[in-house]
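Working notes, structure below.
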4 protein chains.
Amino acid sequence: MSGTLNKVMLIGHLGDEVKIHYFEGGNCIARFPLATNETYTNRQTGEKVTNTDWHNVVVRNKAAEICEKYLSKGDKVYVEGRLKNRQWQGEDGNTRYTTEVHVQDFTFLTTKKESMANVQQMQETSPSQEASKVSGPVAPMDETEEEDDLPF
Amino acid sequence: MSGTLNKVMLIGHLGDEVKIHYFEGGNCIARFPLATNETYTNRQTGEKVTNTDWHNVVVRNKAAEICEKYLSKGDKVYVEGRLKNRQWQGEDGNTRYTTEVHVQDFTFLTTKKESMANVQQMQETSPSQEASKVSGPVAPMDETEEEDDLPF
Amino acid sequence: MSGTLNKVMLIGHLGDEVKIHYFEGGNCIARFPLATNETYTNRQTGEKVTNTDWHNVVVRNKAAEICEKYLSKGDKVYVEGRLKNRQWQGEDGNTRYTTEVHVQDFTFLTTKKESMANVQQMQETSPSQEASKVSGPVAPMDETEEEDDLPF
Amino acid sequence: MSGTLNKVMLIGHLGDEVKIHYFEGGNCIARFPLATNETYTNRQTGEKVTNTDWHNVVVRNKAAEICEKYLSKGDKVYVEGRLKNRQWQGEDGNTRYTTEVHVQDFTFLTTKKESMANVQQMQETSPSQEASKVSGPVAPMDETEEEDDLPF
DNA sequence: TTTT
DNA sequence: TTTT
C-alpha cells in the first residue's frame, strides 16, 4: 500500500565516529552525524557563505556493522534512505522530535583500505534475507545478481 | 563548491492547508505538513501496520504562491528539495531543532482544476531568474527553453 | 563494491499494456513503455511546446507479475531503478544498443481497484526473500518489518 | 504542466575526456561517457562479477565549460539530470536511438586542483539566468542563496 | 504509444 | 493532520 515516496540521498562527511549499539537477539543499530554543505554568495555584501546541515544517520544490522568497521570521522559517504521522525522524552518531561535518515543503501566515497573494496554499495537486508544468505554456500552481497539462474 | 549532496524526494498527502507568510519587500514563504506512509506486516503477530511520517515542507516566493493557490489539505504532491535544520527558541528558553524540507521542485499529483494545468512541475526560481523572466516578452516556465536554438 | 551510483526515478504514464515473458524455472520479466513529458515555452515564438520521452521499463519476477496484473495502458506510476544498456543483433547483423530502466521499486499512482491496495510500494525482492515470504507463516511485504524487535 | 518526473542520478568515472562543441551565438554542449559499476556474486559458480554500464552524459553552456575545464578521464563525478532520447540517421539510412543523460546539476567528487573549489555543485543555468547573473554586481553561482533579502 |  |  501507500502510493507515497519517502527518499533521501546524501553525500557528506562524517562529523564523528560511528556509534554502534547491540540489542539482545543480535540486532544492532549504528548512528553517525553526516554534514552536507551549501555555498552561496550573499548578494548584498558579495561575501561567500557556507552553510552546513547535519543529518542524523541511522543504519541497522549487517550494514551497521560494515559502517562501524570501515567508516571514520571525516570520511565521505553516499547514503540513501528514508526520513523518519522519532520522538523522545526530554529531561524536562516534554516530548522532543528528531528527524533521522534511516539508511537503505550506501556507498563509501573515501577509498582507504583495499579490504573494504568488497563491502561497498551495501543494501539494507532484512533478517529473512540475512538468514538465507548466511546459510547458503555463496552469500550474495546484494540483490543485484541476476535472478535468472537461481534455484528457487 | 562542496562536493556534497542534500536531496529529498517525497510523494505524500497534505495534512493541512498551505499557510503562507509575506515578508516586507514582497518575499514570502509557504509551509505545509506532508504525510508519507510505510506499511509492513509484523512478523510476530501477522498484523499489518501502517506508519506515518510527517514532513515540514517549506516553499518560497513564486512557488509558494502557486502552492497556496492550488494545493489543499488531502492533495497528493511530489516535492523535491533539501533537508534544512532550523533552530528556534522554545518557550522554556531552550534551543529546539526542527528539520524542514526546502522545496526546489514539485509536481501536483492530484488533478483538480484545469486552471492549474500550466503551473505544474514548477522549479524554484532564483531572484535573478525571476527578474529576467518578468522583464522578457515571453516568460519561460523552466530552464528547458534554452534548447530552442540548438540544432539537435 | 564500486563507489558508484546508478539511479533513475520516473513518474509517467504507460504507453501500452505490460508484456510479460516467463522463463523456464519460473522466473519472468515484464516490460512496458513509460512516457514522461517536459513542457516549455519557445522563447522565439512564444508557443508552448510539449516533448515526450519514452522509457523502456523492465521489471522482474514477483514485481513483474504485480505490474502485469494491476497496471494498464494510460496508468500513472512511479518507478525507481537503474539504467542498463542492452545490446542486441539487428536484422542487418549490426549491433544495436538499447537503454532500459530496470525497476527496483515502484508505486502505483493511479488508483483503480481496491484489490491492489496491498500490493503497492513493492520492492524488487531477491529470490531468498521471496522464498521466505512464500514459505513463512507471515509474509512481510518489505524489509521494514525487522524493526519490530527493536525498542524504538 | 505535466505531473511527470524524469530524474537520473549517477556517480561514476569518466571513460574519456570531455568533448565540447560551440554553436554560433555562443551556446555550447559538452559530452562525456560515464561508467557505473554493479558487482554481484554468481551463486552457481561463486565468482564475483563486475558489470559496467556506460552513460552518455550531456552538459550545456556554462556548466559545459566548467566540465570541460575541470574534468578529466578517470575523474569521479556526481551528475543529476534527465533521460532524453535522441534519434539520428545511421549510415545505412535507418533511424537509430540513443539515450542521453542531460545534466541539470553536478558535483565533482575527485578533488584535484584547489582552483576548482568554487565551481562545484553547479546547476544548469538557462540563458536568461546567465544574462542576469553576468549583469549583476555579484553573480550567484547557484540558486541557493538566501532569497530573504531580495527586493520582490 | 501515455497524460494534461 | 493526510491517504488507501
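Each chain gets a letter, A, B and so on, in the order its sequence line appears, and its residues count up from 1.
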Measure from CG on N6(D) to P on dT2(E) and round the result to the nearest Å. 18 Å
Roughly, in whole Å, what's the span from CG in L14(B) to P in dT4(F)? 14 Å
With sequence neighbours excluded, what pairs up with E100(A) under the salt bridge (Lys or Arg N to Asp or Glu O under 4.0 Å) test? R31(A), R86(A)
Nearest to side-chain heavy atoms of N37(C), which nucleotide of dT1(E), dT1(F), dT2(E): dT2(E)
Roughly how far, to the nearest 0.5 Å, is the OG1 atom of T4(A) from the CG atom of L10(B)? 9.0 Å
Which part of the nucleic acid, if any, lies within reach of T52(C) when heavy atoms closer than 4.0 Å are counted: base, sugar-phosphate only, or nothing? base
I need the CG-P distance between D75(B) and dT3(F), as an integer number of Å. 9 Å
Looking at E80(C) and K7(A), does any basic side-chain N land under 4.0 Å from a carboxylate oxygen? yes
Between dT1(E) (P) and Q87(D) (CD): distance, integer Å: 13 Å
Check: T50(B)/N37(B) side-chain N/O donor and acceptor closer than 3.5 Å: no
From CG of N51(B) across to C1' of dT4(F) the rounded distance in Å is 15 Å
Counting side-chain heavy atoms from C-beta on, which of dT1(E), dT2(F), dT1(F) comes nearest to A35(B)? dT2(F)
Please state how far atom CH2 in W54(C) lies from atom P in dT2(E), giving the value in whole angstrom units. 6 Å
Applying a 4.0 Å non-hydrogen cut-off, can you work out what G12(B) is touching in the nucleic acid: base, sugar-phosphate, or nothing? nothing
Between dT1(E), dT3(E), dT1(F), which one does the side chain of K73(C) approach most closely? dT1(E)
Measure from CG on D16(B) to P on dT3(F) and round the result to the nearest Å. 11 Å
Nucleotide dT3(F), atom P - distance to NE2 of H13(B) in whole Å: 7 Å
For a quick check, tell me whether the side chain of T4(D) and the base of dT3(E) share a donor-acceptor pair closer than 3.5 Å. no
Within the 4.5 Å heavy-atom criterion, are L14(C) and L71(C) side-chain neighbours or not? yes
